[in-house]
2 protein chains.
Amino acid sequence: MKAKKILGDFELYVMLAVARLGDDAYGGALRREIESRTERSVAIGALYSTLDRLGDKGYLSFRVEGPESGRPGRARKYCRLTPAGAEALRHSSEMLRRMMEGVQVGGEPLLGQANQ
Amino acid sequence: MKAKKILGDFELYVMLAVARLGDDAYGGALRREIESRTERSVAIGALYSTLDRLGDKGYLSFRVEGPESGRPGRARKYCRLTPAGAEALRHSSEMLRRMMEGVQVGGEPLLGQANQ
DNA sequence: AGCACAAACTCTACATTGCAGAGTATACGA
DNA sequence: TCGTATACTCTGCAATGTAGAGTTTGTGCT
């Protein structure tokens, strides 16, 4: 069994948020994105240490950009998916889709009828 | 932010496999199910310690059933979702669906066109 | 009965990932 | 220059995931 590494649950959330936000993906925005879409609270430390780890794995790259407009505060560290990151994200999502596909819980399909 | 706890990645895989296998969900079958659907190898210890932890959280219940047919070996420990487990599974899946919905990676939608 | 074999679970140790919050840096505006 | 807002860093610890050797228990053969 070959066993490509699979993203942890929070790592996956972060990668998805980065993919969705595109050029606006930096700490605070990622946090708000995850908190608003899910009912999950995002600890500040969890977020940044996960970003670092994803960077170490080569899944994310960063560019630091000083306060552009009249915004207060220090520079933002924007991030984006690397090709390896995009691949890892696709792979994790696909494995998950395969596992969820057709599963029923208490007679109800787990995913909406549109999904498989 | 309320923050219901979310299942870890491997926990989610196990719960999904239990839901799918229904009355045939025991260690070996779960392992084969996960390994065959994904390309992820499942360590024996990972599986059983995860099952235990899910039991501790009240998400799974167990029944031990001695070798029924002419099968060799010791008794199997079958497991099934409790109501709390079913709820946790639905919740984790739904949060994931919300995060994945509409996300594009490299111009391609992450999920097939049928999905959202 | 005694033994090899197979299936299945248990146990222990450790690695990775996630959580929490205090701390530091930097910029704006009064 | 001081208070406030934004944003990232750091450190310690908790939870989850990995790995594989070990034990239990039944079958079937001799």
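Each chain gets a letter, A, B and so on, in the order the sequences are listed, and its residues count up from 1.
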For nucleotides 28-30 of chain D, print each protein N/O atom paired with a nucleotide N/O atom at under 3.5 Å, atom names and distance only.
none

Pull out every protein N or O sitting under 3.5 Å from an N or O of nucleotides 2-4 of chain C, one pair per line with the distance.
none

Scan nucleotides 8-16 of chain C against the protein and return all N/O pairs shorter than 3.5 Å with their distances rounded to 0.1 Å.
| from | atom 1 | to | atom 2 | distance (Å) |
| --- | --- | --- | --- | --- |
| C/dA8 | OP1 | B/Tyr26 | OH | 3.2 |
| C/dA8 | OP1 | B/Arg76 | NE | 2.6 |
| C/dA8 | OP1 | B/Arg76 | NH2 | 2.6 |
| C/dC9 | OP1 | B/Lys77 | N | 2.6 |
| C/dC9 | OP2 | B/Tyr48 | OH | 2.0 |
| C/dC9 | O5' | B/Tyr48 | OH | 3.3 |
| C/dC9 | O2 | B/Arg74 | NH1 | 3.3 |

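Residues A/Glu39 and B/Arg98 meet the side-chain proximity criterion, which asks for heavy atoms closer than 4.5 Å. B/Arg31 has its side chain within reach of B/Glu35: a pair of non-hydrogen atoms, C-beta onward, lies under 4.5 Å apart. A heavy-atom distance below 4.5 Å is not found between the side chains of B/Val64 and B/Arg76.
Direction of the helix axis in the helix from C/dA1-D/dT30 to C/dA30-D/dT1 shifts by 10° between the two five-pair termini, rounded to 10°.
The distance between atom CG of A/Leu12 and atom P of D/dG17, rounded to the nearest whole Å, is 13 Å. Regarding B/Leu7, its CG atom lies at a distance of 14 Å from the C1' atom of D/dG17, rounded to whole Å. Atom CD of A/Glu33 and atom P of D/dA7 are 15 Å apart (whole Å). Taking atom CG of B/Asp56 as the reference point, atom C1' of D/dA14 lies 15 Å away to the nearest angstrom. Atoms CZ (A/Phe62) and P (D/dA7) sit 16 Å apart, rounded to a whole Å. Rounded to whole Å, atom C1' of D/dG20 lies 11 Å from atom CZ of B/Arg31. For B/Asp9 and D/dA15, the CG to P distance is 17 Å, given to the nearest whole Å. The interatomic distance linking B/Phe10 (CZ) with D/dT16 (P) rounds to 14 Å, in whole Å.
In this structure, CZ in B/Arg97 is found 13.5 Å from CG in A/Leu96, a value given to the nearest 0.5 Å. How far CZ of A/Arg40 is from CE of B/Met95: 10.5 Å, rounded to the nearest 0.5 Å. A distance of 3.0 Å separates OH in A/Tyr13 from CD1 in B/Ile6, rounded to the nearest 0.5 Å. Taken to the nearest 0.5 Å, the CD atom of B/Glu11 stands 7.0 Å off from the NZ atom of B/Lys5. Here the CG-CG distance, from A/Leu54 to A/Leu12, works out to 10.0 Å after rounding to the nearest 0.5 Å. Separation of atoms CG (A/Leu7) and CZ (A/Arg53) is listed at 13.5 Å; rounding is to 0.5 Å.
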For residues 81-89 of chain A, dump all side-chain donor-acceptor pairs below 3.5 Å to protein atoms at least two apart in sequence or in another chain.
| from | atom 1 | to | atom 2 | distance (Å) |
| --- | --- | --- | --- | --- |
| A/Thr82 | OG1 | A/Gly58 | O | 2.5 |
| A/Thr82 | OG1 | A/Tyr59 | O | 3.3 |
| A/Thr82 | OG1 | A/Ala84 | N | 3.4 |
| A/Thr82 | OG1 | A/Gly85 | N | 3.0 |

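No more than 12 heavy-atom neighbours from other residues, nucleotides or ligands sit within 6.0 angstrom of CZ on B/Arg80.
Of all heavy-atom pairs between B/Ile34 and B/Ala17, the closest is CG1-CB, 4.0 Å.
Among residue pairs with one or both ends in residues 60-99 of chain B, those qualifying as ring pair (Phe, Tyr, Trp, His ring centres under 6.0 Å) are B/Tyr26-B/Tyr78; sequence neighbours excluded.
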